[in-house]
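Below is one structure, written out as structure tokens, with a few remarks after it.
Fair warning: this is a prediction, and the values are worked out from it, not measured in the lab. Read the numbers this way: they start at 1 and go in the same order the structure lists the ligands and their atoms.
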Amino acid sequence: MRLQGRTAIVTGAAGGIGRASAIRFLAEGAKVVLGDVDESRLMATAAAIGTDETVLAVVADVSKKADIDALVAAAVGKFGRVDIMLNNAGIAPVMDFLDVSEEIYDHVLSVNLKGAFLGTQAAARQMIAQGEGGVIINMSSINSGLANPNVATYAISKGGMNQVTSTAAVAFAPYGIRVCGVGPGTIATDIIKGAFTERAGMDAILARTPMGRLGEPEEVASVVAFLASDDASYITGETIYPDGGRRVL
Ligand code: NAD
């Protein structure tokens, strides 16, 4: 029970990795606040994974500062504090570079990059006020360091997110707040089912994955839980890649 007595916020919590991370946080003893734009899946997730004593669900769009601030305020209102912030909400449109409209560019950057920035700011403000440190984790991607033109906006946003992680780590280290990233390879969730409708695309991914299989959301959640715990007490500014070896191929 490494997270006993702590409160964790998870954005994008109705989906695969966010949901798995929330389940893992609960198993490690934390109270969990779930945020997502998809109200019906959010409420179903909250009901499925916990009780009123352990879980709070808040509809929140991470690209809106008012929603992020309300999410943090709701966590403090219900559980009295915020110790862990998992900026996990993300979208990944697949399209040719030249097909990316200004609207799509702005939308992806707003959700993936601005969302992580605003979530980091809001959580850090609360953690500094509490005066007992904390951990902020940004859900990056292996694509943060790959040049895949079919997911250009996604890759751009995740590359920027790694800079949110490293700059915030330096800014908040004096307050005992660690800021880390997790950069999964290809994990079997809805975002991937949406991105790869053709078997050929999936086979190409698997061919570039030394372990020869997709990852499971729980295999990302275990890295998240490690970083959130005191077992990672000397790690900050770092993004860790659960990717079946893809980054080194
Ligand atoms: P998913 O689509 O299953 O879940 C994403 C969740 O984010 C959904 O519940 C969705 O409703 C929510 N969301 C979307 N826009 C939002 C917004 N504006 N505000 C709040 N919530 C919003 O996908 P997933 O695979 O679980 O992805 C979670 C994170 O992991 C994403 O940041 C994604 O980029 C990252 N990631 C996933 C993979 C993968 O292979 N699945 C690999 C690398 C990184």
Closest non-hydrogen atom pair between L113 and M161, with its separation
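The pair with the smallest heavy-atom distance is CD1-N, 3.4 Å.
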I need the contact residues for ligand 1: any residue with a non-hydrogen atom closer than 4.0 Å to the ligand, ordered by chain then number.
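Within 4.0 Å of ligand 1, the protein residues are G12, A14, G15, G16, I17, D36, V37, D38, R41, A60, D61, V62, N88, A89, G90, I91, V111, M139, S140, S141, Y154, K158, P184, G185, T186, I187, T189, D190, I191, I192.
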Under the side chain to side chain donor-acceptor pair (under 3.5 Å) criterion, do R24 and S222 qualify, and how do the steps go?
CA-CA 7 Å; R24 184 64 187 257; S222 62; 4.5 Å; no
Side chain to side chain contact (heavy atoms under 4.5 Å, CB included) partners for L71, two or more places apart:
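For L71, the residues satisfying side chain to side chain contact (heavy atoms under 4.5 Å, CB included) (neighbours in sequence not counted) are I9, T11, V33, V58, A60.
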Checking Y105 now: which residues fulfil side chain to side chain contact (heavy atoms under 4.5 Å, CB included) with it, not counting sequence neighbours?
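Partners of Y105 by the side chain to side chain contact (heavy atoms under 4.5 Å, CB included) criterion, ordered by chain and then number, come out as V100, L109, T153, I156.
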Output yes when a side-chain donor or acceptor of N138 lies under 3.5 Å from a complementary backbone atom of G181, and no otherwise.
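It does not hold such a pair.
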Results of salt bridge (Lys or Arg N to Asp or Glu O under 4.0 Å) for D106 - residues two or more places apart only
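Once residues adjacent in sequence are excluded, D106 has no partner under the salt bridge (Lys or Arg N to Asp or Glu O under 4.0 Å) criterion.
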